[in-house]
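So the structure is just underneath, and the comments pick up after that.
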Amino acid sequence: MKEKSKKLLRTEICFAALGIALFLAVILNVWIGSANISVGDVFKILFTNQFAGQGAHTIVWSVRLPRLCAAALLGGALGVSGYLIQTYFRNPICSPFELGISSGAKMVLAFFTVVATNFIGGLTGVGMVAVSFVGSLVSMGVVLLCAGKTKNMAVLLIIGIMIGYACSAVTDLIITFAQEEEIVNLTFWSMGSFSGKDWSDVLVIACFVLACFAGTLLLVKPITAFQLGEGYAQSMGMNVKLFRLLIILLSSLLSACVVAFAGPVSFVGIAVPHLTKLLFNSSKPAVVLPGTFLLGAVFCLVCDLIARTIFAPTELAIGTVTAIFGAPVVIAMLLKSRRKSA
């Protein structure tokens, strides 16, 4: 009983800490920027009409708030998508980016962006997610086909990386033959960024991400059973094939939403689930899933703050910052698994 109470207390403390970290990250993202706005003025802008119609009010409500909401939602989506992929392959070093799934979504979206601009005047937010989803499923299909041919996870990861390189090469080819105004947008988008979001984008992102997250939470019990082995899951009456299909669809849709609105963002999907398990000292899906969403949101908010301020007014690609913080986590995971197998 004491052990259970200690675990429960740790879980409550960790969720409280993540909630505080998320609140602080939001405040810092609203406060810090190229335009100097004091903390006091930020709270007045958020909770009163004192600065209505002024530049500071526009900056906070039309630029910074939509961007941080998008970063938080997409960061949570990246973390959950990575967790689902790791659950599917039963390997902690898998994620949509490393397996080439995000690159497939990027390639198909780049193609349809150029085609749609020339023939139908552009894609809507929902259209961007739908097209990216198709690309994610195509790449996932190739990965699953390869997974059926080899049981070696190292080989599968190398194949995923090669798929990512191939898709990126095709994307670069598409960008080369795009129109001049398209080249600038596609190049900036392909590097990864949360900038340029408005409230209509946030609404679309929230609908897709929160719906997928809710669907994932409904799979907590099946995920728990699946982690104990397919044989155990089947003995509990679980339809393993349907479960695998749902995992693929949810992870692909989350990944597609991120690619559609922020471009490819690396290392978040692989690092955040691992850090969450370390933080909570638990692998229970009922704990790890919401923790992963919160930590993914905090992680991307902090990385986005660094990306837009460290060399201001020049803005770094978000993938650059996430790689700097995420790569050491992946290296540590690989060295740890290497020591265990030795």
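Computation of the quantities below employed the complete heavy-atom set of this structure, encompassing side-chain atoms and omitting hydrogens, waters and symmetry-equivalent molecules. In this text the structure is predicted, and so the values were computed from the model without any measurement.
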With sequence neighbours excluded, residues passing side-chain hydrogen bond (donor to acceptor under 3.5 Å, both in side chains) with R308: none
Minimal non-hydrogen separation, D201 against G196, with atom names: OD2-O, 4.0 Å
Side chains of M107 and S139 in contact at under 4.5 Å (non-hydrogen atoms): no
Polar side-chain atom of W31 near backbone of I37 as donor-acceptor pair, under 3.5 Å: yes
Distance (rounded to the nearest 0.5 Å) between K284 NZ and L289 CG: 14.0 Å
Nearest-0.5 Å distance that lies between atom CD1 in I158 and atom SG in C146: 12.0 Å
Single-linkage hydrophobic cluster F43~V30, side-chain heavy atoms < 4.5 angstrom: yes
S255 and S102: side chain donor to acceptor below 3.5 Å: yes
Verdict with supporting geometry, I318 and C303, side chain to side chain contact (heavy atoms under 4.5 Å, CB included): CA-CA 7 Å; I318 187 64; C303 288; 3.8 Å; yes
Closest non-hydrogen atom pair between C257 and F208, with its separation: SG-CB, 4.0 Å
Transitive ILVMFWY side-chain link I59 to I32, under 4.5 Å: yes
Short side-chain to backbone donor-acceptor contact, K44 and V42, under 3.5 Å: no
Derivation of the salt bridge (charged side-chain N to carboxylate O under 4.0 Å, His left out) call for R67 and E315: CA-CA 14 Å; R67 176 169 181 156; E315 183 174 321; 2.8 Å; yes
Nearest atoms (heavy-atom pairs only) where V268 meets G79: CG1-N, 4.4 Å
Trace of the side chain to side chain contact (heavy atoms under 4.5 Å, CB included) decision for L74 with V265: CA-CA 10 Å; L74 294 177; V265 182; over 6 Å; no
Flag side-chain contact, heavy atom, 4.5 Å: Y83 against I223: yes
From NZ (K241) to CG (L246), nearest 0.5 Å: 14.5 Å
Heavy-atom side-chain proximity of L295 to L275 below 4.5 angstrom: yes
Listed once per pair and sorted, the ring-ring contact (aromatic ring centres under 6.0 Å, His included) pairs that draw on residues 209-242, sequence neighbours left out: F213-F293, F226-F243
Minimum side-chain heavy-atom gap I159-V143 below 4.5 Å: no
Contact check, side chains of V108 and V138, non-hydrogen atoms, under 4.5 Å: no
Atom NZ of K277: over 12 foreign heavy atoms under 6.0 Å: yes
CZ-CG distance between F194 and L301, expressed to the nearest 0.5 angstrom: 8.0 Å
Minimum heavy-atom distance between V202 and A70, given as atom pair plus value: CG2-N, 4.3 Å
L68 reachable from F47 in the ILVMFWY side-chain graph, under 4.5 Å edges: yes
Nearest-0.5 Å distance that lies between atom NZ in K106 and atom CD1 in I101: 14.5 Å
Heavy-atom closest contact (F15 atom, G291 atom, distance): CE2-N, 3.7 Å
Side chains of L250 and L219 in contact at under 4.5 Å (non-hydrogen atoms): yes
Shared hydrophobic cluster for F89 and V240 (ILVMFWY, side-chain gaps under 4.5 Å): yes
Sidechain-backbone polar pair: W61 side chain, P66 backbone, donor-acceptor under 3.5 Å: no
Side chain to side chain contact (heavy atoms under 4.5 Å, CB included) assessment of L18 paired with F280: CA-CA 11 Å; L18 285 176; F280 285 90; 3.9 Å; yes
Other residues, nucleotides, ligands: >12 heavy atoms within 6.0 Å of M162 CE: yes
Hydrophobic cluster membership, L28 vs I306, 4.5 Å side-chain cutoff: yes
Validation row: L245, L249 side chains within 4.5 angstrom (heavy atoms): yes
Nearest heavy atoms of N36 and G33, plus distance in Å: OD1-O, 4.3 Å
Verdict with supporting geometry, V272 and L78, side chain to side chain contact (heavy atoms under 4.5 Å, CB included): CA-CA 9 Å; V272 167; L78 281 166; over 6 Å; no
Backbone of G319 reached by a side-chain donor or acceptor of T322 within 3.5 Å: yes
Check: S251 side chain, S81 main-chain N or O, donor-acceptor pair, under 3.5 Å: no
Test side-chain hydrogen bond (donor to acceptor under 3.5 Å, both in side chains) applied to D198 - qualifying residues, sequence neighbours left out: S200
I85 side chain near M140 side chain, heavy-atom distance below 4.5 Å: yes
Sidechain-backbone polar pair: K197 side chain, F261 backbone, donor-acceptor under 3.5 Å: yes
NZ/NE/NH1/NH2 to OD/OE distance under 4.0 Å, R244 and E230: yes
Distance (rounded to the nearest 0.5 Å) between L203 CG and W199 CH2: 10.5 Å
